[in-house]
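Please read the structure below before turning to the comments.
Numbering of residues begins at 1 and proceeds along the displayed sequence.
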Amino acid sequence: MVRELPIGLAPPDWLVRNLRPRPAPVNWAAVARASVAMALPLAAGFAAGRPALGALASMGALNGVIGDTADAYRMRVITIAVPQLTGAVGIILGQLVFGQGWSAVVVVTLVALVSGMISTIGTVASVSGLLLLLNCVVGAGLPLPHPWWLAPLLMTGGGLLVLALALLAWPLRAGVPERAAVAKAYRRVADLLDDTGDDDRYIGTRFDVTRALDQAYDVILGHRARHHGRSKELTRLLAQLNAITPVIEAAPAVHLTGRPLPPEVPRAVRELADAVETGDTARLRLPKLPLALTETERAVDHALKHTAAVVTSPSVDPRGNDERTVALHVRTARAARDAVLSAGSWRYGLRLALCIGIAQALVSVVPVARSYWVALTITFVLKPDFGSVFSRALLRALGTVVGLAIAAAVLAEVPIGWWDVPVMMLLAPLVPALTPRGYGFQTAAITPVILLLSDLLTHEGTGLLLPRLLDSLMGCGIALVAGYLLWPESWHTRVGDRLADAVEDTAVYVETAFGTETDPVRRTRMRRRLYRDLSTIRTEFQRALTEPPPTGRRAAAWWPLVVAVERIVDATTAARVRVHHGAPPPSSAEVHQVVRQLGELAEGVREAEILTGFPTHLTGPAGSVLEPVRQEVAAARAIATPH
């Protein structure tokens, strides 16, 4: 018989959300690479009689494992190699101020400022900033072997070993990850078409489509920017990815009808996905589609035939691609300029620098064993792009306790020597396997690995456990006070401001879709940006729910409006599709009325602390394509409106 906890003893929802593992498939290739890349340097160190040097190289391999997240081979070169270079710079800077007292405090604090600022640029820059600060803290707090270049050489070499293992299959599988990314986007679109008749599942599936598209575009455009459009394979894949856009635009129109599509339609998209993934498009034969009679059916039919024509075409005109690519060095310079000029970037950098400065100053005044672990904890907890500071501090503490329990068994039972190699082969794979599950799981996996390597450098055994726990708790405490409680913006969700921006952009989208603007490429980019912004808002909303009251409770109140804004964008897209396929266009007065109401809605969302409904009745011609848009705007204004 199962006993239920009394209501007063049940854990709060925000805590349950923090502790619940995220569903994620295991990347078995990354698991195997982690096992080999982290154990091999240890074996080489023992063979050479210098286990400490092997431990340093294995630490570098751990950095490479953290950055080993890209599927495409070309991107692995960037996501693994670039952070290793910044990490080498960090450890050199740290060594220069090792034992220098307040000079070390100043230098590490300045590095923290730079790390926080560049973390706002993008994923690769974020990992680069992380390793820059981590290695600087290690170099400033741990005596490393001489000469000065040996430690950065070993750690960088360990990271590049991960890269070498990640590129082994490139000659045999060139292009496979890129095709798989595009095919995955097609399959998510097929799922969306399956769910057009299910109101509950449709919005969630639409979110999955946006994520799959973003991932595919990141893979294709990231590579193509380095090739400047010269790669025929990438150009063809980009054209195939663009070709699914009309099908995506037709889905909201189908959803508004409330009737499911014939099963032949999503099955056809899945067959296109199989053809894209295998590269064998010549023998593709789509199932016979039902006769299209209504505007919506014609939209789906035309969109699907267009997609099939592009997928099966033996040649692709690169000028037909509607996504612009910019050379990599230009994008890098632009991102760096934006980071320097961004108030948010400075704010994140200053917050991280304040916490690191406090930690470094504290351990300079108060004797703390393994004091650099305090700053390392803050670095992980306070990374601005990694999520809620409160949640990460909580998960860091819990994950450290679990990891220490594992490390205690290893350090107590396994003497320093060759047995460390098979133990590392078992522990290292846990890092890539558990990292996608959540930050607490990642911490639990990394902690025993770090302690095993630290023992090879210091020979302290189980004496490392208590200092690690105390330093982690000190770091979490500093991050919570100086990086969370002292910053009022941490207590408020940013969902409202971002929703208001999305509503304003939707108003511009309505004007563009039904005004004098006739550029379909501009409309497509605008629509994709809107859906991408809404996807970001959903992510921000889910992150806010992990905050303790009152922040999490306030965030939950925004959910109906998040869904309402998504429905407005869907209704606008559906109306544009209907006009394109024969429906009468709305009058300029209708368009102006909707745009004005959207502007008022955006103002109300931006000003609202507590959502208060106010019924709004919008009128227009019966049967107008904008009628669903008016209904959704009225529904949204019933949730939030200016007072």
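- Side-chain contact between V26 and V31: present, with at least one pair of heavy atoms (C-beta onward) separated by less than 4.5 Å.
- By the side-chain hydrogen bond (donor to acceptor under 3.5 Å, both in side chains) test, D68 pairs with R33, sequence neighbours left out.
- The structure places CG of L464 at 11.0 Å from NE2 of H459, a figure rounded to the nearest 0.5 Å.
- The shortest distance between side-chain heavy atoms of S115 and L352 falls below 4.5 Å.
- Residues forming a side chain to side chain contact (heavy atoms under 4.5 Å, CB included) with Q100 (at least two apart in sequence, or on another chain): V97, S103.
- Within the 3.5 Å criterion, the main-chain N or O of Q360 finds a donor-acceptor partner in the side chain of S364.
- The minimum heavy-atom distance linking V108 with C136 is given by the pair CG2-SG, 4.0 Å.
- Counting heavy atoms from C-beta on, the side chains of S119 and Y348 never come closer than 4.5 Å.
- Between T109 and the options V107, V105, V106, a side chain to side chain contact (heavy atoms under 4.5 Å, CB included) holds for only V105.
- In terms of heavy atoms, F98 sits closest to G139 at CB-O, 3.7 Å.
- Annotation: side chain of T400 is not in contact with side chain of L473 (no heavy-atom distance under 4.5 Å).
- The structure places CG of L132 at 5.5 Å from CD1 of I118, a figure rounded to the nearest 0.5 Å.
- Here the shortest heavy-atom pairing between A502 and L530 reads O-CD2, 3.5 Å.
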Item to check | I378 and W373: CA distance, side-chain angles, deciding distance, side-chain contact (heavy atoms from CB on, under 4.5 Å) verdict | outcome: CA-CA 9 Å; I378 293 172; W373 278 342; over 6 Å; no
Pair up each side-chain donor or acceptor in residues 421-447 with any protein partner under 3.5 Å, not counting sequence neighbours, and list the distances.
unit_1	atom_1	unit_2	atom_2	d
T435	OG1	V431	O	2.5
R437	NH1	R22	O	3.4
R437	NH1	A24	O	3.4
R437	NH2	A24	O	2.9
Y439	OH	R396	NH1	3.2
T443	OG1	Y439	O	3.0
T447	OG1	T443	O	2.7

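- By the side-chain hydrogen bond (donor to acceptor under 3.5 Å, both in side chains) test, R529 pairs with no residue at all, sequence neighbours left out.
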Checklist entry - Where do T210 and L534 land on the side-chain contact (heavy atoms from CB on, under 4.5 Å) test, with the steps shown first? => result CA-CA 9 Å; T210 300; L534 289 171; over 6 Å; no
Next on the checklist: Pair T377, C476 - check side-chain contact (heavy atoms from CB on, under 4.5 Å), show working.
Outcome noted: CA-CA 7 Å; T377 297; C476 290; 3.9 Å; yes
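- Residues satisfying the salt bridge (charged side-chain N to carboxylate O under 4.0 Å, His left out) criterion with D505, sequence neighbours excluded, are absent altogether.
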Item to check | Evaluation steps, side-chain contact (heavy atoms from CB on, under 4.5 Å), between M59 and L457 | outcome: CA-CA 11 Å; M59 283 185 179; L457 295 172; 3.6 Å; yes
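- Taking CG of L456 as the start and CG of L53 as the end, the distance is 11.0 Å to the nearest 0.5 Å.
- Judged as a side-chain hydrogen bond (donor to acceptor under 3.5 Å, both in side chains), and not counting sequence neighbours, the contacts of E566 are R538.
- Qualifying side-chain hydrogen bond (donor to acceptor under 3.5 Å, both in side chains) partners for D455, counting only residues two or more places apart in sequence or in other chains: none.
- With rounding to the nearest 0.5 angstrom, the CG atom of L150 is 9.0 Å from the CG atom of L144.
- Salt bridge absent: D214 and R211 never bring a charged side-chain N and a carboxylate O closer than 4.0 Å.
- A61 pairs by the side chain to side chain contact (heavy atoms under 4.5 Å, CB included) definition with A37, M38, V162, not counting sequence neighbours.
- Within 6.0 Å of the CH2 atom in W102, the count of heavy atoms belonging to other residues, nucleotides or ligands exceeds 12.
- A search for salt bridge (charged side-chain N to carboxylate O under 4.0 Å, His left out) contacts involving D501 returns R606, not counting sequence neighbours.
- Taking CE from M75 and CG from D218, the interatomic distance works out to 7.5 Å, rounded to the nearest 0.5 Å.
- Closest approach of V381 to A479, counting heavy atoms only: CG1-CB, 3.8 Å.
- Annotation: the span from L42 atom CG to L452 atom CG amounts to 7.0 Å, rounded to 0.5 Å.
- Under the 4.5 Å side-chain criterion, counting only non-hydrogen atoms from C-beta, L161 is in contact with P41.
- With contacts defined as side-chain heavy-atom distances shorter than 4.5 Å, the pair N63/N135 qualifies.
- Minimum interatomic distance between A407 and P448 (heavy atoms only, all atoms of both residues): CB-CA, 3.9 Å.
- Inter-residue side-chain proximity for L130 and F380 is flagged as met; some heavy-atom pair is nearer than 4.5 Å.
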For residues 152-160, run the donor-acceptor check on the side chains, cut-off 3.5 Å, and write out each pair with its distance to 0.1 Å, sequence neighbours left out.
unit_1	atom_1	unit_2	atom_2	d
T156	OG1	P152	O	2.7

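- The minimum heavy-atom distance between A81 and L163, with the atom names listed, is CB-CD2, 4.0 Å.
- Shown here are the salt bridge (charged side-chain N to carboxylate O under 4.0 Å, His left out) partners of R206, two or more places apart in sequence or in another chain: there are none.
- Counting heavy atoms from C-beta outward, V374 and L470 have side chains that stay 4.5 Å or more apart.
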Report all side-chain donor-acceptor pairs from residues 82-95 shorter than 3.5 Å, counting only partners two or more places apart or in another chain.
unit_1	atom_1	unit_2	atom_2	d
T86	OG1	P83	O	2.9
T86	OG1	S128	O	3.1
Q95	NE2	W148	O	3.0

